[in-house]
Amino acid sequence: MPLRMPRPIKSTSSSVLRFKTRVPADIRDKVKGRKIELPLGSIKQVVTIGEFVEASLQTRNPPEAKARHSAALAAVLRYWEAVRAGPQPLTHRQATALAGIVYRDLVAAIPDAEVTRLADAKQAFRVKLASAERANEFATEVMRHFLADVGMSVLVLALTKAQWTPLLPDFDWYDMLEVEFGPMVDRVLTREGIVIDEQGRRLLLDCVRDAVADAGADVYRKTDGDYSPDPKAHRFPPASDAKPKSRSKLSVTDLFAGYIKELQAGGQGSATEKRWKPIINLFVAFLKHDDAARVTKGDIIAWKDHRLLTQGLSAKTVRDSDLAALKAIFRWAVDNLKLPLNPADGVKIKMPNKVQTRAKGFTDSEALAILKAAHAYEKPEKEYDETAAAKRWAPWLCAFTGARIAEICQLRKEDIFEQDGIPVMRITPEAGSVKSGRFRHVPLHPQLVELGLLRFVGAAKDGPLFHQTRRRKGSTTWPQGAVAGTVGEWVNSLGVIEGKVAPNHAWRHRFKSLARDVGMQARVADAIQDHAARTSGEAYGDVSLKAKLDAILLLPRYAI
């Protein structure tokens with residue numbers, strides 16, 4: 001079952017909204033107790049990872065909270081991905097690029113007021129040292145108090161590693177760097193979603209130490225009144241160079257495979273895979289890459305326009321196939337914490353109001369004409385026996401059951417039988433695609449029995465009644481779908497339908513209209529046709545075979 005997409009939550013003690021997401025079980029032991037930096041608007045907050053990653057979004061405004069939540073979730077997901085990939089080596093260029101992020105953060109974090117305070121403090125310190133020129137002991141005391149105030153970091157910055165070792169042999173250089181700069185290193189690594197090995201961490205500590213020294217020199221220049229362009233700012237590679245090149249990417253193709261695998265675990269997905277796989281392949285070819293994290297809303301809109309304007313597909317096809325596929329797989333990725341945002345969310349197609357010039361179901365005269373033609377149908381010499389049988393029986397079965405044409409065309413011999421003395425038709429996913437994924441038993445109207453349906457089934461060979469068990473040569477459509485299309489074409493060819501109406505689906509509309517006319521209970525009619533219950537209360541309990549039979553018997557016979 002997919003996880004619910006994380007979203008801003010309300011605090012029990014405040015109206016300020018919060019960020020909260022559960023740590024995945026497979027990495028919980030690895031990350032518990034570590035700190036992670038979350039970007040929250042213009043500020044960054046460091047939190048400790050436990051069973052959850054949780055922090056205040058520091059806003060009561062829902063749209064702003066949603067934006068901050070998305071940015072924080074993206075950072076968390078990048079870090080989870082890095083942890084799963086394992087520690088990566090780090091080149092000197094990558095380490096310097098990461099140190100550049102620290103440098104820019106430090107320089108940007110010191111406002112003019114702080115520079116003024118530091119300038120005043122530096123001047124006061126100089127005055128003290130000047131007054132101690134002839135008193136060495138006093139000068140030493142001033143320095144000791146200075147070191148006590150600022151800590152050992154001043155020595156780590158003032159001395160190189162080569163100078164440190166002989167002067168302070170009892171203090172390991174990297175232990176001191178870890179104490180002074182380890183939190184900075186952890187923040188930049190978690191923010192960028194990177195996990196590095198031990199050698200890479202030592203390299204990064206050295207680079208961050210140099211960056212902090214350069215940031216301090218920049219502040220020092222300003223305290224002396226030098227606000228010229230920073231000579232060190234351009235020595236760092238761009239932040240994009242910080243990512244280890246060996247990191248694996250999450251592909252759109254992989255997302256689709258994961259989505260289908262989850263559907264198949266529930267006994268569905270085969271029809272979806274067949275229908276959507278070509279769309280996903282075309283989308284990836286259009287992008288010219290297969291990196292799901294790089295897909296933007298602009299990409300989805302460009303794809304929509306390409307399909308509509310360049311390839312000339314109908315708005316309905318693009319909406320119900322192309323966009324439906326992308327929205328579904330990206331929604332699944334977000335729900336399963338693989339991506340922070342659904343780039344297809346909110347992408348719509350303006351559909352004109354559909355012009356309807358007649359009822360969606362067959363009229364009495366149309367239904368009777370089609371059923372008469374079906375009853376009198378004679379198989380041409382070169383037509384498959386199964387196809388001829390579909391034209392003979394599918395319209396009648398649709399008329400008295402309101403079933404979907406594909407459900408009828410995939411019926412097998414074993415799906416027509418007697419239960420408790422009642423002739424029934426079983427519609428089941430075992431025979432093929434069923435939209436709801438649920439089986440159902442539908443009693444057969446007495447007129448179907450009188451017309452010889454059971455005799456036809458008894459004489460048929462085992463297996464599908466209305467199609468061959470293999471695809472037709474050169475066809476990409478499943479047999480039951482191909483036969484359903486053939487039946488629809490034949491019905492249209494009769495010339496008895498006035499106006500535009502779906503030649504197969506119109507039976508479902510007609511069944512519902514007849515059900516109301518004869519006083520059939522709505523819940524029973526829905527159960528016969530496999531329509532969902534309207535309320536949670538209606539969904540309780542089962543509609544019995546007897547209740548369905550009583551309802552079917554209300555339907556009038558056709559005088560053929």
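- Leu287 has its side chain out of reach of Trp303: every pair of non-hydrogen atoms, C-beta onward, lies at least 4.5 Å apart.
- Residue Arg426 holds its CZ atom at 10.0 Å from CG of Leu411, rounded to the nearest 0.5 Å.
- The aromatic rings of Phe400 and His445 lie parallel to each other, with less than 30° between the two planes, well short of the 60° mark.
- Using a 4.0 Å cut-off between a side-chain N of Lys or Arg and a carboxylate O of Asp or Glu, Arg523 and Asp526 do not qualify as a salt bridge.
- A donor-acceptor pair is defined here as one N or O able to donate and one able to accept, closer than 3.5 Å; such a pair exists between the side chain of Lys413 and the backbone of Ala460.
- Residues Lys327 and Asp345 are not paired through a salt bridge, judged by the lack of any N-O separation under 4.0 Å between the basic side chain and the carboxylate.
- With rounding to the nearest 0.5 Å, the separation of NE2 in His505 from NZ in Lys360 is 8.0 Å.
- With no hydrogens or angles considered, no side-chain donor-acceptor pair links Glu37 and Gln45 at under 3.5 Å.
- Other residues, nucleotides and ligands contribute over 12 non-hydrogen atoms within 6.0 Å of the CG atom of Asp26.
- Counting heavy atoms from C-beta outward, Ser251 and Asp291 have side chains that stay 4.5 Å or more apart.
- In terms of heavy atoms, Pro278 sits closest to Glu273 at CD-O, 4.5 Å.
- Lys512 and His531 share a donor-acceptor pair across their side chains, judged by distance under 3.5 Å alone.
- Annotation: the span from Leu17 atom CG to Asn61 atom CG amounts to 8.5 Å, rounded to 0.5 Å.
- Partner of Leu255 under the side-chain contact (heavy atoms from CB on, under 4.5 Å) criterion, chosen from Ile260, Val295, Leu339: Leu339.
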**Report entry** Test log, rule side chain to side chain contact (heavy atoms under 4.5 Å, CB included), inputs Gln447 and Trp396
**Finding:** CA-CA 9 Å; Gln447 189 171 8; Trp396 280 95; 3.8 Å; yes

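- Proximity of Val424 to Glu418: side-chain heavy atoms (C-beta onward) are nowhere separated by under 4.5 Å.
- Taking 4.5 Å as the limit, every side-chain heavy atom of Leu77 sits out of range of all side-chain heavy atoms of Lys338.
- Residues Glu366 and Arg358 are paired through a salt bridge, judged by an N-O separation under 4.0 Å between the basic side chain and the carboxylate.
- Side-chain atoms of Arg331 and Tyr259 include no donor-acceptor pair closer than 3.5 Å.
- No side-chain donor-acceptor contact under 3.5 Å links Arg319 to the backbone of Ala324.
- Electrostatic pairing of Glu489 and Lys391 does not count as a salt bridge here, judged by no charged N lying under 4.0 Å from a carboxylate O.
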Requested in this report: Please test Lys304 against Asp322 for salt bridge (charged side-chain N to carboxylate O under 4.0 Å, His left out), starting from the C-alpha separation and ending with a verdict.
Outcome: CA-CA 8 Å; Lys304 176 195 72 170; Asp322 297 67; over 6 Å; no

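- Taking each heavy atom of Leu313 and Leu308 in turn, the nearest pair found is O-CD2, 3.6 Å.
- Nearest heavy atoms, Pro503 versus Phe362: O-CZ, 3.3 Å.
- One distance of note links OG1 of Thr272 with CG of Leu263; it measures 5.5 Å at 0.5 Å rounding.
- Judged by distance alone, with hydrogens and angles left aside, the side-chain atoms of Arg307 form no donor-acceptor pair with the main-chain N or O of Val318 at under 3.5 Å.
- Closest heavy-atom contact between Pro89 and Asp197: CA-OD2, 3.4 Å.
- At distances below 3.5 Å, not a single donor-acceptor pair connects side-chain atoms of Gln529 with backbone N or O atoms of Ala527.
- No more than 12 heavy atoms of other residues, nucleotides or ligands sit less than 6.0 Å from atom CD of Glu498.
- Put simply, CG on Asn342 and NZ on Lys297 are 9.5 Å apart, with the number rounded to the nearest 0.5 Å.
- When all heavy atoms of Ala506 and Val501 are compared, the pair lying nearest together is CB-CG2, 3.7 Å.
- For Ala406, the side chain to side chain contact (heavy atoms under 4.5 Å, CB included) criterion is met by no residue, not counting sequence neighbours.
- Under the 4.0 Å criterion applied to side-chain N and carboxylate O atoms, Arg510 and Asp364 are assigned as salt-bridge partners.
- Of the possible polar contacts, one joining the Ser70 side chain to the Lys66 backbone as a donor-acceptor pair under 3.5 Å is found.
- Dense packing is recorded around NZ of Lys379, with more than 12 heavy atoms of other residues, nucleotides or ligands lying under 6.0 Å away.
- Between Glu54 and Arg18, at least one side-chain N (NZ, or NE/NH1/NH2) sits under 4.0 Å from a carboxylate O, which counts as a salt bridge.
- Put simply, the side chain of Thr91 gets close to the backbone of Gln94: a donor and an acceptor are under 3.5 Å apart.
- Between Phe439 and His441, the two ring planes are perpendicular [angle over 60°; tilted spans 30° to 60°].
- Scanning all heavy atoms of the two residues, the minimum distance from Val524 to Ala551 falls at CG1-CB, 3.6 Å.
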Query raised in the report: When you look at Leu38 and Thr190, which way does the side chain to side chain contact (heavy atoms under 4.5 Å, CB included) test go after all the steps?
Result: CA-CA 8 Å; Leu38 304 179; Thr190 56; over 6 Å; no

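- In terms of modelled atom types and a separation under 3.5 Å, the side chain of Arg34 and the main chain of Lys30 share a donor-acceptor contact.
- Other residues, nucleotides and ligands contribute more than 12 heavy atoms inside 6.0 Å of the CD atom of Gln264.
- Residues Ile528 and Met520 have side chains in contact (heavy-atom distance under 4.5 Å, counting atoms from C-beta outward).
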**Report entry** Check against side chain to side chain contact (heavy atoms under 4.5 Å, CB included), Lys461 and Glu386
**Finding:** CA-CA 11 Å; Lys461 61 184 179 181; Glu386 294 85 357; 3.6 Å; yes

Requested in this report: Show your reasoning for whether salt bridge (charged side-chain N to carboxylate O under 4.0 Å, His left out) applies to Arg412 and Asp462.
Outcome: CA-CA 7 Å; Arg412 304 162 300 176; Asp462 291 344; over 6 Å; no

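- Two residues are said to be in side-chain contact when any heavy atoms from C-beta on lie closer than 4.5 Å; Leu189 and Tyr79 fail this criterion.
- Under a 3.5 Å cut-off, the side chain of Asp299 and the backbone N or O of Thr296 do form a donor-acceptor pair.
- The side-chain heavy atoms of Arg392 and Leu451, taken from C-beta on, include a pair separated by under 4.5 Å.
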Query - Derivation and outcome, side chain to side chain contact (heavy atoms under 4.5 Å, CB included), residues Val23 and Phe52 - result: CA-CA 5 Å; Val23 178; Phe52 297 89; 5.6 Å; no

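- Between Glu51 and Arg22 there is a salt bridge, since at least one side-chain N of the basic residue sits less than 4.0 Å from a carboxylate O of the acidic one.
- Taking the six-membered ring for Trp and thresholds of 30 and 60 degrees, Phe456 and Phe466 have nearly parallel ring planes, at less than 30 degrees apart.
- With 3.5 Å as the limit, one finds a donor-acceptor pair spanning the side chains of Thr363 and Ser365.
- With rounding to the nearest 0.5 Å, the separation of CD in Gln419 from CG in Leu549 is 11.5 Å.
- A 4.5 Å side-chain heavy-atom check between Ile9 and Phe19 finds every atom pair outside the cut-off.
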